[in-house]
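Sequence lines set the chain letters: A, B, ... in the order given, protein chains first and strands last, and positions in each chain run from 1.
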2 protein chains.
Amino acid sequence: MDFEPLGVAADLVILTVRDGSLQVLLIRRGIAPYRGRWALPGGFVRPKEDLEEAARRELQEETGLLSDRIHLEQVATYGEPGRDPRGRVISVTYLALVPDLPSPVAGTDAASAEWVTVDEVLTDQNRLAFDHHRILTDAVERARAKLEYSPLAAAFCPDEFTISELRGIYEAVWGVQLDPRNFHRKATKTDGFVIPLGATTTRDGGRPAQLFRRGPAATLHPPLTRG
Amino acid sequence: MDFEPLGVAADLVILTVRDGSLQVLLIRRGIAPYRGRWALPGGFVRPKEDLEEAARRELQEETGLLSDRIHLEQVATYGEPGRDPRGRVISVTYLALVPDLPSPVAGTDAASAEWVTVDEVLTDQNRLAFDHHRILTDAVERARAKLEYSPLAAAFCPDEFTISELRGIYEAVWGVQLDPRNFHRKATKTDGFVIPLGATTTRDGGRPAQLFRRGPAATLHPPLTRG
DNA sequence: TCAAAAGTGTTTGCCCTACACCCATGG
DNA sequence: CCATGGGTGTAGGGCAAACACTTTTGA
């Protein structure tokens with residue numbers, strides 16, 4: 001079979017919550033096109049490499065995260081002719097949700113990678129290279145929607161976390177304030193969402209808080225609501 | 001830029017509701033590989049053609065539907081090496097929801113195309129060529145989920161429809177029975193879901209039913225529930 | 001007059017919000 | 001003992017499931 005010349009890239013929207021705000025990992029492009037502009041990390045899919053495999057490889061190169069335990073999901077594919085001035089490139093985009101990393105960016109391109117607040121990036125239509133503004137918009141909306149009916153917020157947390165840390169994720173991603181008391185009830189009563197570890201911590205001040213880990217639930221019944 | 005030899009296809013999961021069941025449009029493959037097996041319609045994206053544009057072109061070729069008014073949405077992209085024995089092929093899959101068509105299949109390949117009940121296709125893992133069983137599974141799950149919080153069920157209906165016809169869509173897609181009286185209230189009270197036309201019809205027997213058309217709502221508040 | 005489907009009213013129970021209140025720690 | 005955050009109890013409103021009931025047609 002003959003094919004037109006065409007490349008397939010796996011691009012990543014890597015989100016985390018730091019300092020109470022939703023942030024995305026961006027890299028500064030060192031070469032043309034869009035040299036010096038910020039862009040989503042990503043790269044071409046290799047021959048014989050699966051799409052998700054490529055995404056996991058890029059994720060590890062950028063964050064150093066061995067990604068078996070990292071939540072990674074395909075969001076959408078962008079293929080408009082002309083979206084890349086170098087030629088026809090199809091971008092398969094993946095969304096990764098990671099905990100606040102101890103070493104911000106441990107990957108090979110560390111020097112040129114940076115966490116940036118999502119709101120700040122999205123207010124400027126021209127901050128990002130290619131059609132990455134739109135890709136980021138779509139991915140963030142997906143993440144916001146998924147928090148409602150999936151236990152995904154826990155993917156932003158370290159292995160052990162408190163209920164108020166979990167609540168902080170929701171507040172940062174949705175940009176709302178939630179009632180701590182009602183949230184506590186919902187999170188702990190929803191079957192399989194979080195599992196108590198018995199231990200407590202006082203790292204947040206005040207009365208010691210119970211520690212939890214992620215539960216086995218795949219969906220939340222009933223869902224959490226965004227307002 | 002050099003690229004490995006690789007093709008990008010737009011494949012379609014075209015769903016409709018006929019005779020009270022959810023059905024998918026399949027074509028019988030006339031050539032190898034998988035000659036004689038059933039498969040989802042689709043084809044390669046042309047140079048300079050957008051992905052969605054390719055999907056709309058395929059949709060029209062298969063169903064004759066001029067597709068401006070047809071709901072079409074991207075579901076996922078499949079790119080596992082080896083999924084197509086002919087070489088590396090990335091499949092960008094679109095979901096189309098169409099009303100029960102007067103002329104079942106009016107396209108060029110009409111002779112070999114057929115509506116098949118989704119349940120029947122999915123019970124046999126080997127009914128479909130390539131990885132189309134999985135693609136269909138994913139697309140149907142997407143459709144089921146979307147009915148809850150989007151007004152998409154109306155996409156299965158003709159321009160004018162009754163509330164019980166709309167309810168029939170939900171019952172067919174979800175495979176459940178819904179209370180006609182409560183459903184009527186929900187559908188008519190949900191802002192922007194359906195718009196009354198003033199006219200009535202007796203095509204379903206019994207007391208005349210009001211006719212409605214699709215409303216402008218993009219999402220349903222509150223969502224309809226699946227059981 | 002009966003069957004069939006459309007549509008409305010009403011009850012009941014549940015969930016969710018709002019907020020009062022108590023608990024357990026550090027300083 | 002006070003400030004801080006963790007966690008429980010509870011009243012009240014609103015929504016939705018369940019179902020009795022009325023309406024409007026065709027046969």
| field | Presence of donor-acceptor pair under 3.5 Å, side chain of D204(B) and base of dA6(C) | value | no
| query | Below 4.0 angstrom, N of the basic side chain to O of the carboxylate: do E53(A) and R57(A) qualify? | reply | no
| Rounded to the Å, how far apart are R185(B) CZ and dC19(D) C1'? | 10 Å
| query | Between dG5(D) and S164(A), is there an OP1 or OP2 to side-chain N/O distance shorter than 4.0 Å? | reply | no
| said: Assuming nearest nucleotide by heavy-atom distance, tell me which of G206(B) and P223(B) is located more 5' along DNA chain D. | reply: P223(B)
| query | In terms of side-chain heavy atoms of R167(A), which of dA17(D), dG7(C), dG6(D) is nearest? | reply | dG6(D)
| Where does the angle between the aromatic ring planes of F130(B) and H132(B) fall among parallel (under 30°), tilted (30 to 60°) and perpendicular (over 60°)? | tilted
| Are any of H184(B)'s side-chain N or O atoms less than 4.0 Å away from OP1 or OP2 of dA6(C)? | no
| Does T188(A) have a side-chain nitrogen or oxygen under 4.0 Å from the phosphate oxygens OP1 or OP2 of dG6(D)? | no
| 5' priority, DNA chain D, between R181(A) and G205(A) [closest heavy atom] | G205(A)
| Touch check for P222(B), heavy atoms < 4.0 angstrom, all strands: base, sugar-phosphate only, or nothing? | sugar-phosphate
| request: Would you mind classifying the nucleic acid contact of T225(B) as base, sugar-phosphate or nothing, using non-hydrogen atoms under 4.0 angstrom? | output: sugar-phosphate
| request: Rounded off to whole Å, could you give me the CG-to-P distance for the L224(B) and dA16(D) pair? | output: 9 Å
| note | Here the distance between atom P of dA5(C) and atom CD of E165(B), to the nearest Å, is 13 Å
| task | In whole angstrom, give the distance that lies between atom CG of L178(B) and atom P of dA6(C). | result | 14 Å
| said: One thing to verify: whether R226(A) and E141(A) come together as a salt bridge, which I'm taking to mean a side-chain N less than 4.0 angstrom from a carboxylate O. | reply: yes
| note | All heavy atoms of Y170(A) vs all of L178(A), minimum pair found to be CB-CD1, 3.7 Å
| dT8(C) P sits how many Å from D179(B) CG, rounded? | 14 Å
| K186(B) side chain N/O closer than 4.0 Å to the phosphate oxygens (OP1, OP2) of dA17(D)? | yes
| query | Could you give the CD-to-C1' distance, from E171(A) to dG5(D), as a whole number of Å? | reply | 13 Å
| task | State whether T201(B) places a side-chain N or O below 4.0 Å from either non-bridging phosphate oxygen (OP1 or OP2) of dT25(D). | result | no
| Rounded to the nearest Å, what distance is computed from the CZ atom of residue R207(A) to the P atom of nucleotide dG5(D)? | 14 Å
| task | Measure from NZ on K189(A) to P on dT8(D) and round the result to the nearest Å. | result | 7 Å
| query | Considering all heavy atoms of both residues, which atom of R83(B) and which atom of I135(B) are nearest to each other, and what is their separation? | reply | NH2-CD1, 4.0 Å
